[in-house]
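What follows is a set of notes on a single structure, which appears directly below.
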Amino acid sequence: QVQLAESGGGLVQAGGSLRLSCAVSGRTLGDYAMAWFRQAPGKGHEFLAGTGLSGETTDYADSVKGRFTIARDSAKNTVYLQMNSLRPEDTAVYYCAADVTTLKVKTSPRYWGQGTRVTVSS
């Protein structure tokens, strides 16, 4: 029912910034809690950041707290992940995810995007 499409990945130098976008279609963004995950080679999906249905609350993994910011623009049906002070270890495929509750989107999201690759050079 809902489709997610990430964009904004690419190559960036260490210390630089990048903003990822997740376009939501098929349903209204406000119907879903949203989250960002990433997957590095040989690793599972790592939760990075999440936001409630209205974006009034946010939750961050310790590894990105203070560097990454999740935000949502209801008018554009888009969720963003602003990434600052990027490090080579941030290199991964980044995914956005959606579900109808905050708990589910963090633990076992029902809907996933296709991913966008981020490479941070040293």
Side-chain angles (χ1 to χ4, degrees):
Q1 294 295 322
V2 62
Q3 298 182 81
L4 311 176
E6 304 95 333
S7 62
L11 176 65
V12 64
Q13 187 172 272
S17 298
L18 206 59
R19 188 178 74 164
L20 306 182
S21 299
C22 176
V24 179
S25 61
R27 298 290 188 185
T28 301
L29 175 61
D31 293 336
Y32 297 94
M34 302 294 297
W36 286 94
F37 293 78
R38 68 185 178 191
Q39 186 173 37
K43 297 184 178 180
H45 290 81
E46 177 189 9
F47 171 80
L48 300 175
T51 182
L53 275 67
S54 300
E56 73 281 1
T57 58
T58 56
D59 184 29
Y60 295 94
D62 289 340
S63 60
V64 303
K65 191 174 298 183
R67 298 191 299 126
F68 291 10
T69 303
I70 187 170
R72 57 200 296 158
D73 187 333
S74 296
K76 296 181 178 180
N77 260 20
T78 301
V79 179
Y80 302 96
L81 184 67
Q82 178 67 46
M83 306 186 295
N84 299 325
S85 302
L86 284 163
R87 308 162 182 167
E89 51 264 43
D90 292 320
T91 296
V93 177
Y94 285 70
Y95 299 88
C96 66
D99 213 318
V100 296
T101 72
T102 303
L103 178 62
K104 285 185 175 292
V105 80
K106 183 177 180 179
T107 59
S108 57
R110 183 171 182 176
Y111 304 103
W112 294 83
Q114 82 289 345
T116 185
R117 185 175 298 276
V118 172
T119 302
V120 183
S121 63
S122 60

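For the pair Ser17 and Ser85, the tightest heavy-atom approach, listed with the atom from each and the gap, is OG-N, 4.4 Å. Across Ser74 and Leu29, no two heavy atoms sit closer than the pair CA-CD2, 4.1 Å. For the pair Ile70 and Ala35, the tightest heavy-atom approach, listed with the atom from each and the gap, is CD1-CA, 4.4 Å. Nearest approach of Arg38 to Leu48, heavy atoms of both residues: NE-CD2, 3.6 Å.
No chain of hydrophobic side-chain contacts below 4.5 Å, direct or via other Ile, Leu, Val, Met, Phe, Trp or Tyr residues, connects Leu18 to Tyr95. Cluster membership check: Tyr60 shares its hydrophobic cluster with Leu20, using side-chain heavy-atom separations under 4.5 Å among Ile, Leu, Val, Met, Phe, Trp and Tyr. A continuous path of Ile, Leu, Val, Met, Phe, Trp and Tyr side chains, each step under 4.5 Å between heavy atoms, connects Val79 with Val2, placing both in one hydrophobic cluster.
Summarising the local packing, CD of Glu89 is surrounded by more than 12 heavy atoms from other residues, nucleotides or ligands at distances under 6.0 Å. Within 6.0 Å of the CD atom in Gln13, the count of heavy atoms belonging to other residues, nucleotides or ligands does not exceed 12.
Geometric assessment of Lys106 against the ring of Phe47 yields a positive cation-pi assignment under the 6.0 Å and 45° thresholds.
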Solution key, residues 114-122 side-chain donor-acceptor pairs under 3.5 Å, sequence neighbours excluded:
{"unit_1": "Gln114", "atom_1": "NE2", "unit_2": "Glu6", "atom_2": "O", "d": "3.0"}
{"unit_1": "Gln114", "atom_1": "NE2", "unit_2": "Glu6", "atom_2": "OE1", "d": "3.4"}
{"unit_1": "Thr116", "atom_1": "OG1", "unit_2": "Gly9", "atom_2": "N", "d": "3.1"}

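Each of Val100, Val105, Thr101, Asp99 was evaluated against Leu103; a single residue qualifies, Thr101, per the side chain to side chain contact (heavy atoms under 4.5 Å, CB included) test.
Listed by first and then second residue, the disulfide bond (SG atoms under 2.5 Å apart) pairs involving residues 28-75 amount to none (not counting sequence neighbours).
The aromatic rings of Phe37 and Trp112 sit tilted relative to each other, their planes meeting at an angle between 30° and 60°.
For the pair Met83 and Val64, the minimum side-chain heavy-atom distance is 4.5 Å or more. Between Thr57 and Thr51, the closest side-chain pair of non-hydrogen atoms is not below 4.5 Å. Residues Tyr32 and Tyr111 are in side-chain contact: their nearest non-hydrogen atoms beyond the backbone lie under 4.5 Å apart.
Expressed to the nearest 0.5 Å, how far CD of Gln82 lies from CZ of Arg19 amounts to 7.0 Å. Put simply, CZ on Arg27 and OG on Ser25 are 11.0 Å apart, with the number rounded to the nearest 0.5 Å.
In summary, Arg87 and Asp90 do not engage in a salt bridge, as defined by a charged side-chain N under 4.0 Å from a carboxylate O.
With sequence neighbours left out, Ser63 forms a side chain to side chain donor-acceptor pair (under 3.5 Å) with Glu46.
Formation of a donor-acceptor pair under 3.5 Å by the Asp59 side chain with backbone atoms of Gly52 is not found in this model. Put simply, the side chain of Arg72 gets close to the backbone of Leu53: a donor and an acceptor are under 3.5 Å apart. Between the side chain of Tyr80 and the backbone N or O of Thr69 there is no donor-acceptor pair closer than 3.5 Å.
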